[in-house]
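A note on names: the letters A, B, ... follow the listed sequences, proteins ahead of strands, and every chain is numbered from 1. These numbers come from a predicted model, not from an experiment.
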Amino acid sequence: MTDRLPGFSTLAVHAGAQPDPTTGARVTPIYQTTSFVFNDADHAASLFGLQAFGNIYTRIGNPTTAVLEERIAALEGGTAALAVASGHAAQVVVLQQLLMPGDEFIAARKLYGGSINQFTHAFKSFGWNVAWADPDDIASFERAVTPRTKGIFIESIANPAGSITDIEAIAEVARKAGVPLIVDNTLATPYLIRPIDHGADIVVHSLTKFLGGHGNSLGGIIVDAGTFDWSKDNKYPMLNEPRPEYHGIRIQETFGNFAFAIACRVLGLRDLGPALSPFNAFMILTGIETLPLRMQKHCENAKAVAEFLAGHPAVASVNYSGLASDKYNKLARKYAPKGAGAVFTFSLRGGYDAGVSLVSNLQLFSHLANVGDTRSLVIHPASTTHSQLDDEAKVRSGAAPDVVRLSIGIEDKEDLIADLEQALSV
Amino acid sequence: MNHDNYDDNYIRSILNGVKSIAMVGASPVNVRPSYFAFKYLAQRGYDMIPVNPGHVGKSLLGKPFVASLWDIGRPVDMIDIFRNSSHIMPVVDEALTLSPPPKVIWMQLGARDDAAAEKAEAAGLKVVMNRCPKIEYGRLSSEISWMGVNSRTLSSKRAPIPTQGMRLSLNRMSVGGGATAASDRAAKNKSEPT
Ligand SMILES: Cc1ncc(COP(=O)(O)O)c(C=O)c1O
């Protein structure tokens, strides 16, 4: 079997896991422990000094969580990964490695509303400045580059409207600027899009969504593509300068092509603290085993529902890049040929009021603020996830007041269409 | 030999086969990568010999430094070169004058000299370039997976009972999996003059 490399579904089941050496348990055990005993004082010192691989304390690493990390690194084609408590935590930890106070990063305007808030307000208090660019206008990214730019952040499939980002074009802007491209791949998952294949240097996820997939656990992850040279131009002191917290170790020189993941762990997670619970890691790992099957069904159902809505007289427009008529269909066929995801928006002729009444009339769709569940979900972004934005920013990020967002589950599509049909005709 | 991409079995047979390793450029400073690798390999049972003319008279984890490969005074299986690419050739030339010659020349992460590799291979030695034996050992034993690193291996077999609290067996049965093509390409582009 030396020449054959296993496919995606095989990695989704096996990568990172092996039978437990002590008990033979086939499923990855939940190592629900805060700490791990050392063999002796020298072993302890080696672990604390990063000279040995091993477990110390669950805030820094945990054997159950490590299986999740390796699995997602393998699925994304990355060299290493670091799991954290939520998608938002992943974003903080990534940017903490890249930015010093007064530095900037460029972010696509079309992002999850919570990320827009995090970048605009929370990060401002750290002295990290965001410059916004329009993913439909690649030149706007080029124009935003300054000598203080330290990274570019985009979503592969953007929340809420499901629009597809031209990752390769923006990767080229990042390469010319000498900064890493960070892609939030939450809505696509590596089953639909592998951003590293298109030039991403760092991939982040909210595991809370399709990867975990069952709406039961929060989590986030950072994947290191192992592609970026952190020593160039000496722009990244966290990676390239002797670290006083580790007696002068230089992270890149010591850890090579997985240095970024290690920096996130030993300088980010260790000190900021957003550790994932081993129990959540276990739940998410179990979810990932069926990721390919679920994503096929999510996409098939989403396309059927989008087609139904596009033909309904009460619907003004549908934004689903899987529809041939959609503005993003060409990009969807290039980047996500297996399916355009299962999160999209539509607007109703009856405007805001019709949206509110639709949400209350639906019986199978759940009205809540999440996406990527087995269950179908509905929300009105303007009054919830994107409510902190002003009207102009709402429109720009795809959350205008008349827009309703769906996250299509894996139920029978006929039942989902029937539910929408009855709710629209009330 | 394709030096861009080594088969896991090639690396595994080297790490399983060698018993003594002379590390050229070993540093006694405990935050240097060579120190990390030296200590790790010593703990895995390799007979380690630190080679560095600047530190003769001192020792590294109890092993006395020697100034050159000639000063080792006994056969050695592998030379692990912790020097940058421009300093490889003289070390290989020196290694080839040893009697018996070593079985393996290993150049550290970031170091690559194709002409030196060719010379060593022509003399019947095995060569590995731009890799770290600590990382490769950790990867093939899957011990490195504790750090969330993609070991690029899969296995459905129960690993041998760990010693020292770790999954250490290099002889873990595994198949390849989880390729890191983008990183391999970036490394190749970096090593090729532009
Ligand atoms: C695209 C995207 N990124 C990040 C997040 C934040 O993830 P979390 O809620 O796990 O912090 C979300 C959550 O909705 C999301 O949809």
**Prompt:** Ignoring hydrogens and geometry, is there a side-chain-to-backbone donor-acceptor pair from B:Lys134 to A:Gln51 under 3.5 Å?
**Reply:** yes
**Item:** Heavy-atom proximity to chain A below 4.5 Å, by part of B:Lys157
**Value:** backbone
**Complete:** Taken to the nearest 0.5 Å, the spacing of A:Arg71 CZ from B:Ser145 OG works out to 11.5 Å
**Asked** Which bit of B:Arg32 is near chain A, if near means a heavy-atom gap under 4.5 Å: side chain, backbone, both or neither?
**Response** side chain
**Fill in**
Rounded to the nearest 0.5 Å, the CZ atom of A:Phe53 sits from the CZ atom of B:Arg139 at a distance of 11.5 Å
**Item:** Spacing of CZ belonging to A:Phe255 relative to CD1 belonging to B:Ile135, to within rounding of 0.5 Å
**Value:** 8.0 Å
**Fill in**
Those residues at least two apart in sequence (or on a different chain) that pass ring-ring contact (aromatic ring centres under 6.0 Å, His included) with B:Tyr46 are none
**Asked** Taking A:Ile196, A:Leu82, A:Asp229 one by one, which has the highest count of heavy-atom pairs under 4.5 Å against chain B?
**Response** A:Asp229
**Heavy-atom pair with the smallest gap, counting every atom of A:Thr79 and B:Thr180** = CA-CG2, 4.0 Å
**Request:** Would you check if A:Leu11 and B:Leu154 make a side-chain contact, meaning some heavy-atom pair closer than 4.5 Å?
**Result:** yes
**Request:** Verify the neighbour count for atom CD of A:Gln32: are there more than 12 heavy atoms of other residues, nucleotides or ligands below 6.0 Å?
**Result:** yes
**Closest approach of A:Leu5 to B:Gly176 (non-hydrogen atoms, all atoms of both residues)** = CD2-C, 3.9 Å
**Fill in**
d(B:Ser183 OG, A:Asp224 CG) to nearest 0.5 Å is 7.5 Å
**Item:** Contacting region of A:Arg26 [heavy-atom separation from chain B under 4.5 Å]
**Value:** side chain
**Item:** Contacting moiety of A:Ile249, where chain B heavy atoms sit under 4.5 Å
**Value:** both
**Item:** Under 4.5 Å from any heavy atom of chain B - which part of A:Ala225
**Value:** backbone
**Request:** Take B:Lys39 and A:Asp42 through the test side-chain contact (heavy atoms from CB on, under 4.5 Å) and record every step on the way to the result.
**Result:** CA-CA 11 Å; B:Lys39 181 171 179 181; A:Asp42 184 58; 3.4 Å; yes
**Fill in**
Rounded to the nearest 0.5 Å, the CD atom of A:Gln18 sits from the OG atom of B:Ser155 at a distance of 5.5 Å
**Message:** Need one label for A:Ile262: side chain, backbone, both or neither, based on atoms under 4.5 Å from any heavy atom in chain B.
**Reply:** side chain
**Asked** At a heavy-atom separation under 4.5 Å, does A:Asp20 approach chain B through its side chain, its backbone, both, or neither?
**Response** backbone
**Message:** Please rank B:Gly110, B:Ala179, B:Ser34, B:Ser156 by heavy-atom pairs under 4.5 Å with chain A and give me the top one.
**Reply:** B:Ser156
**Prompt:** Would you say B:Asn150's side chain and A:Gly78's backbone share a donor-acceptor pair under 3.5 angstrom?
**Reply:** yes
**Request:** Flag yes if more than 12 heavy atoms outside B:Tyr10 fall under 6.0 Å of its OH atom; otherwise flag no.
**Result:** yes
**Closest approach of A:Glu69 to B:Gly148 (non-hydrogen atoms, all atoms of both residues)** = OE1-CA, 3.5 Å
**Contact class of A:Phe228 relative to chain B, heavy atoms under 4.5 angstrom** = neither
**Request:** Let me know if B:Asn30 has heavy atoms under 4.5 Å from chain A in its side chain, its backbone, both or neither.
**Result:** both
**Asked** Should A:Tyr246 and B:Val31 be marked as a side-chain contact (heavy atoms from CB on, under 4.5 Å) after you check the CA-CA gap, both sets of side-chain angles, and the distance that decides it?
**Response** CA-CA 8 Å; A:Tyr246 286 101; B:Val31 298; over 6 Å; no
**Request:** Report the distance from atom CZ of B:Phe36 to atom OG of A:Ser46, rounding to the nearest 0.5 Å.
**Result:** 9.0 Å
**Request:** Kindly say whether A:Pro19 contributes a backbone atom to a donor-acceptor pair with the side chain of B:Arg158 at under 3.5 angstrom?
**Result:** no
**Message:** Taking A:Asp197 first and then B:Arg185, would you say they form a salt bridge - that is, a charged N and a carboxylate O separated by under 4.0 Å?
**Reply:** no
